[in-house]
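Taking it in order: structure first as structure tokens, then the write-up.
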Amino acid sequence: MDHVEIRESVQKLCAGFPGAYWRQLDQARAYPTEFVTALTEAGYLAALIPEEYGGAGLPLSAAAAILETVQAEGCNGAACHAQMYIMGTILRHGTPAQKETYLPRIATGELRLQAFGVTEPTSGTDTTSLRTFAKREGNHYVVNGQKVWTSRAEHSDLMLLLARTTPREETRKRTEGLSTFIVDMRAALGNGLTIRPIRTMMNHNSTEVFFDNMVVPAENLLGEEGRGFRYILDGMNAERLLIAAECVGDAKWFIAKATAYARERKVFGRPIGQNQGVQFPIAKAYAQMRAAELMVHAGCRKFEAGEACGEEANMAKMLAAEASWAAGEACIQTHGGFGFAEEYDIERKYRETRLYQVAPISTNLVLSYIAEHVLGLPRSY
Ligand SMILES: Cc1cc2nc3c(=O)[nH]c(=O)nc-3n(C[C@H](O)[C@H](O)[C@H](O)COP(=O)(O)OP(=O)(O)OC[C@H]3O[C@@H](n4cnc5c(N)ncnc54)[C@H](O)[C@@H]3O)c2cc1C
């Protein structure tokens, strides 16, 4: 789980992208192209792609170490983390031809698979009520509908799309009749696909996308028609563990900043860190971060052993998002007024890390998962 060499080399790469770089992007709401290119060229975004397809073939814990380090160094992996894990759906459910077509080019970065079109404005968390419909017509599907919060769509060549292929009322179960597609957005843009950026409180490059008779070749269907929801679920544990690792990294960044400042800042003739009122929130956030880190490791171990890890992945995601928020709170409070100054980067990281209590799954839904699937309580929704 340590992956010390990987961490050290990611640290070196991140040193080339200091706070000033991220601040300027944040103000312009611009995409960190240079940073993403550097991560791609170093092979980090292809960490999970097997070697036979040109990737590094590393275990999930190595990918977690990469993303954790990116965040702990003050950078932001949200611009490209999905390139690491969305391809898992092609790897697990694609045909040999689809794997050959896409994976080697995703590994080199020639193709960016960064966009994941699941959430819709009306369905929200209730994924199986999504309305985007893909109708089979001969050798292609015609897609109509809308997605929201499709992050990085403007900076991706491909999108993994979840759409209905059988109306819900014609299926036995609500989870049936959904299918996954690889959409080539370069071909579709202006031909039935429209992308509109959403300005958010942090620089996240999220968008809403509209499908108006967008044509997708039938060969771009991933796996069997109607089983797409299952395929998306299969990828969620890896995503949750990796996002949790990012939150652990954020928490480490906040804790390091807060401790350094608490040691050096003198008020009333002594370091503010001598006051328990300043020490305790930092110490508590540290304990929360360590617990979350252990849960990330436990989840990765099970994932790598091919065991069910839904419990650990969900708990890691929730605990880590709460730890990073607690650490952010402690950090901003420790810095007093300076915590609000842009040049300290704290307010930026504080805005960035807040997301993970909502996306990719909200804390309430993690709690519902634990209640229902781990504790055997009745389903609440
Ligand atoms: C910046 C950003 C980037 C994102 N990127 C992507 C992306 O790339 N691709 C993608 O598909 N989606 C993406 N999302 C969407 C994200 O996954 C959803 O926002 C999230 O799953 C919550 O869905 P919702 O916003 O529709 O909230 P809703 O489902 O409307 O829920 C609102 C609130 O109600 C609570 N709630 C709802 N139902 C229940 C229940 N049964 N019990 C208890 N509480 C409940 C939720 O916890 C939440 O707090 C992104 C979101 C954001 C903000």
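Computation of the quantities below employed the complete heavy-atom set of this structure, encompassing side-chain atoms and omitting hydrogens, waters and symmetry-equivalent molecules. Read the numbers this way: they start at 1 and go in the same order the structure lists the ligands and their atoms.
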Practice task
Verify, without hydrogens or angle tests, whether E304 (side chain) and S61 (backbone) share a donor-acceptor contact under 3.5 angstrom.
Solution key: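 Pair found, side chain donor or acceptor close to backbone of S61.
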
Problem - Polar side-chain atom of R164 near backbone of K135 as donor-acceptor pair, under 3.5 Å - result: no

May I ask you to test the [X]-[Y] pair for a side-chain heavy-atom distance under 4.5 Å?
{"X": "M289", "Y": "I255", "answer": "yes"}
{"X": "I346", "Y": "H335", "answer": "yes"}
{"X": "V70", "Y": "C14", "answer": "yes"}
{"X": "I66", "Y": "H3", "answer": "no"}

Handout entry: V374 reachable from M295 in the ILVMFWY side-chain graph, under 4.5 Å edges
Key = yes

Part of [X] within contact of ligand 1 (heavy atoms, under 4.0 Å):
{"X": "L355", "answer": "side chain"}
{"X": "W149", "answer": "both"}
{"X": "S151", "answer": "both"}

Exercise for the section: Describe, in one word, how the ring planes of Y344 and Y261 are oriented to each other, choosing from parallel (under 30°), tilted (30 to 60°) and perpendicular (over 60°). Expected result: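 Plane angle over 60°, so perpendicular.
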
Handout entry: Aromatic ring pairing F35/W22, orientation class (parallel under 30°, perpendicular over 60°, tilted between)
Key = perpendicular

Handout entry: Electrostatic pair D126:R174 at N-O distance under 4.0 angstrom
Key =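 Salt bridge present between D126 and R174.
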
Residue [X] vicinity, atoms of ligand 1 by number, heavy atom under 4.0 Å:
{"X": "Y381", "result": "41 (N)"}
{"X": "F116", "result": "7 (C), 8 (O), 9 (N), 10 (C), 11 (O)"}
{"X": "G124", "result": "26 (O), 29 (O)"}
{"X": "M202", "result": "1 (C)"}
{"X": "P360", "result": "17 (O), 21 (O)"}
{"X": "V358", "result": "20 (C)"}

Problem - K147 to ligand 1, any heavy atom closer than 4.0 Å - result: no

Protein heavy-atom partner closest to [atom] - residue, atom, separation in Å:
{"atom": "atom 15 (C) of ligand 1", "result": "T119 OG1, 3.3 Å"}
{"atom": "atom 46 (C) of ligand 1", "result": "S362 OG, 3.5 Å"}
{"atom": "atom 35 (C) of ligand 1", "result": "N364 ND2, 4.1 Å"}

Do any non-hydrogen protein atoms sit less than 4.0 Å from [atom]?
{"atom": "atom 25 (O) of ligand 1", "value": "no"}
{"atom": "atom 41 (N) of ligand 1", "value": "yes"}
{"atom": "atom 33 (C) of ligand 1", "value": "no"}
{"atom": "atom 13 (C) of ligand 1", "value": "yes"}

Problem - Among V118, L160, L365, V148, closest by any non-hydrogen atom to atom 39 (C) of ligand 1 - result: L365

Handout entry: E307 atom CD: more than 12 heavy-atom contacts under 6.0 Å
Key = yes

Handout entry: Ring-ring centroid check W325 Y350, cutoff 6.0 Å
Key = yes

Exercise for the section: Flag T125 as yes when one of its N or O atoms lies below 3.5 Å from any N or O atom of ligand 1, and as no otherwise. Expected result: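 Yes, T125 has an N/O under 3.5 Å of an N/O on ligand 1.
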
